Amino acid sequence: MSNLNFFIILLIIAAIVFFIGQKKAYSYSMFNGGAKLHSLPNYYGYLTTLWTFLPAFGVFVIWSFFESNVSSMLTISQFSELQQLSVDELSLALNEIKILAVTNSSSVSINNQAAAVYSEYLNHSFNLKILVSVLLALLGFFYTYLRIKPTMQARNSVEKLIVYVLFTCALIAIFTTVGIIFSVLFESIEFFSQVSITEFFFGTHWSPQIAIREDQVGGSGSFGAVPLFWGTIFISFIAMIIAAPLGLIAAIFLSEYATSQVRAIIKPILEILAGIPTVVYGFFAALTVGPLVRDFGYYLREIGINLDIEILANLTVSTESVLAVGLVMGMMIVPFILSLSDDVILSVPNAMRDGSIALGATKSETVWRVIVPAALPGIVGGFLLAISRAIGETMIVLMAAGVAANLTANPMNVVTTITTQIVTLLTGDQEFDSVKTLAAFALGLGLFVTTLILNIIALHVVKKYREQYE
Amino acid sequence: MNNNKVELDQQLSETVGKPLINGTPKITCRDVNVFYNQDSQAIFDVNVDLAKNQILAMIGPSGCGKSTLLRCLNRMNDTIDGCSITGKISLDGEDIYSNDIDPVLLRAKVGMVFQKPNPFPKSIYDNVAYGPRLHGIATNNSELDDVVEESLIKAGLWKETKDRLNKPGTGLSGGQQQRLCIARTIAVRPDVILMDEPTSALDPIATATIEELMHELKSSYTIAVVTHSMQQAARISDRCSYFHLGRLVEVNDTNIVFTNPEHELTENYITGRFG
Ligand SMILES: Nc1ncnc2c1ncn2[C@@H]1O[C@H](COP(=O)(O)OP(=O)(O)OP(=O)(O)O)[C@@H](O)[C@H]1O
Ligand SMILES: [Mg+2]
């Protein structure tokens, strides 16, 4: 019997006890003409099920979570050879033991003996786990079943239990997030013990390549992240310059001017646009927009040379440019801003529109002087959410902006962003404790904190706006 | 059942009382029919005059078309999809539905106050200054200040708000908000003010304040007010009209309508016998 089998059996038991509990409740309602039962019979069934299933399942899950660790600890305590190993060696050995325990190879190494012991422990653990779970299920069942009587407030008890279940689910989601944050945080602290914080946040030179062998060509590694932060901000800025006005104006058109027929056509199209994978935008940027921008750059340079305008004549032009990425990223964000703005504009009460129209305002005056100002906090909130999306966007940048860390204000030039660097740092063969890899975590942390702050501000602003019309 | 309906149609065919007035009316409605989406008619053949500097009260059971007719008088119904109107409505003898009339300018002349106070989420000052700014009523800031002050005084709100003109209008009490909306309407210098149940969201004291205010405003404006309170209609109006199922049943001087109604339906309604 495996864990899954047991889980299914537990579910079946839970379903069966529902009917048992329900039936007992019914039998009371028969005797008393149904009048005296506190709750509907179903609730007694639900309660029986919950009490039978939840404690057993909870113990089962928690036990499964810890059993492998506990077993390996017990195994180690049996073998003095293992106790003498260093931490790294021990974790290697444990890995091997765990693999051997499953594959049953027949060598006589110490690890193999340990593997036998280990799987013995696991076996015991599993049997004990099933036993305890079944006992708990029985206990829970009888605990409820024996208490079922007409005065029992099953409905209220179910309600309480449901709250606990929901709370647990929420807690799991939160713990996962917290876990991610901490793992990133610890790796970052590790990184900052090797590279100074000031260099990372204020250094302008980014070249994380480190010579692995003495004779290899490569830098000593330099981790000034300013060009990355700048690249990210620059691209997001251009994206927002495109997306904010376009999205907002389109939203105004859609919510205030468009007839319902037009709306019915445009809304689904927008949903499709929002669903396009970013990698598609990526090759659109790399293959179509990038070359266009480059040609435009050459054209500008030509003009510069002809007219003797120095800035233009010396323009650095590249196929992978900030402008191309910014433009395409802007297009990607437009539907996002549009639908958020559309929502807030529609949520401005009609009484505002009527009030303005009745004072002799035209439709456009009403929109710009009453509706947009009233919706502005919500719109700004939408913008902030969009910015944090732009900052976190990876694929388009990776495909169309390149990886050269450049500190430039020229939109025709190449830059790189935080997300792109994280990808390049972590793909390929890496040692997990090299500075290079750790740098990715530090970058990730920076990214996370930035978007977190933006999101908090955005949510706060949106919420404040909602309250205005309560 | 069918017989009843025919009977009712006959009963309702002609408006009794004095729908038309001697002298020059401010607003006239002639054979007005209003449709929502072609197939559903909300107003049938309404003929009525609004006299200058008088208050006309419009009463009747819910859904009888009071709001619909009121909103025709400043063409607010233009903003509703599928709403159409036949017949003729004139302001100072001019057909307001003719092509030469700009509905936007018409609405500046015929202002409207709504059932639920709807100040803009702006400061008190900006709420009142909204209309004058749109229509260029003031040429400079001090003139605008004067218009705002004058309007707030007329609306009886100046004393309460003169120290907090920069505070949001939404922060006022319900009754104050409604007076702010009246001030906002007055600031555009309309001839006519339409009010759709202006006190139904207010407590008795705020209601009394507004009623008093309407009494004062009468000398400068022509007012039409929809109300569900017959006491209010009796207290404030000069003439009173009773609507039933989209038809105008009876119009007359208010004291006649309430003491000696001509039509059985009117009598049933004002004596509370209407089911
Ligand atoms: N926007 C609209 N679209 C379609 N039908 C409408 C619309 N507004 C009102 N109606 C219909 O027109 C009729 C008259 O409505 P109206 O709002 O004028 O009634 P009312 O007398 O103001 O009622 P109340 O006293 O409840 O405010 C009703 O039958 C209503 O269903
Ligand atoms: Mg109404």
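The figures here come from the full heavy-atom set of this structure, side chains too, leaving out hydrogens, waters and symmetry mates. A, B, ... follow the sequence lines: proteins, then strands. Residue 1 opens every chain. Only a predicted model underlies this, so the values are computations on that prediction, with no experimental measurement involved.
The structure places CG of A/Asn350 at 11.0 Å from CG of B/Asn118, a figure rounded to the nearest 0.5 Å. Atom-to-atom distance recorded for B/Lys122:NZ and A/Met352:CE is 10.5 Å, nearest 0.5 angstrom.
Contacts of B/Lys109 with chain A are absent, with no heavy-atom separation under 4.5 Å from either backbone or side chain. The parts of B/Phe120 that come within reach of chain A are both its backbone and its side chain, each placing non-hydrogen atoms under 4.5 angstrom from that chain. Proximity to chain B (any heavy atom under 4.5 Å) is shown, for A/Arg369, by both the backbone and the side chain. Residue A/Ser356 touches chain B through both its backbone and its side chain, counting heavy-atom pairs closer than 4.5 Å. Interface residue B/Pro119: only backbone heavy atoms are found under 4.5 Å from chain A.
Annotation for B/Met76 and A/Ile357: closest pair SD-CG2, 3.7 Å, computed over non-hydrogen atoms.
Contacts with chain A (heavy atom to heavy atom, under 4.5 Å) involve these residues of residues 123-143 of chain B, listed by number: B/Tyr130, B/Arg133, B/Leu134, B/His135. Of all residues in residues 177-191 of chain B, those placing a non-hydrogen atom less than 4.5 angstrom from a non-hydrogen atom of chain A are B/Arg184, B/Thr185, B/Val188.
Within 6.0 Å of the NZ atom in A/Lys267, the count of heavy atoms belonging to other residues, nucleotides or ligands exceeds 12. Heavy atoms from other residues, nucleotides or ligands lying under 6.0 Å from CD of B/Gln41 number more than 12. By the neighbour-count criterion of 12 heavy atoms within 6.0 Å, atom OH of A/Tyr164 is sparsely surrounded, having that number or fewer from other residues, nucleotides or ligands. More than 12 heavy atoms of other residues, nucleotides or ligands lie within 6.0 Å of CZ in A/Arg263, so this atom counts as buried by the packing criterion.
Of the residues considered (A/Ala351, A/Ala358, A/Ser260), A/Ala358 shows the highest number of contacts with chain B, using heavy-atom pairs under 4.5 Å. Counting heavy-atom pairs closer than 4.5 Å to chain A, the top residue among B/Lys116, B/Gln115, B/Arg107 is B/Arg107.
For A/Phe284, the side chain to side chain contact (heavy atoms under 4.5 Å, CB included) partners at least two apart in sequence or on another chain are A/Thr288, A/Val289, A/Val328.
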Going by atom type alone, with no hydrogens or angles, which donor-acceptor pairs under 3.5 Å involve a side-chain atom of residues 232-252 of chain A and a protein atom two or more places apart or on another chain?
{"from": "A/Thr232", "atom 1": "OG1", "to": "A/Leu228", "atom 2": "O", "distance (Å)": "2.8"}
{"from": "A/Thr232", "atom 1": "OG1", "to": "A/Ile418", "atom 2": "N", "distance (Å)": "3.1"}
{"from": "A/Ser236", "atom 1": "OG", "to": "A/Thr232", "atom 2": "O", "distance (Å)": "2.7"}

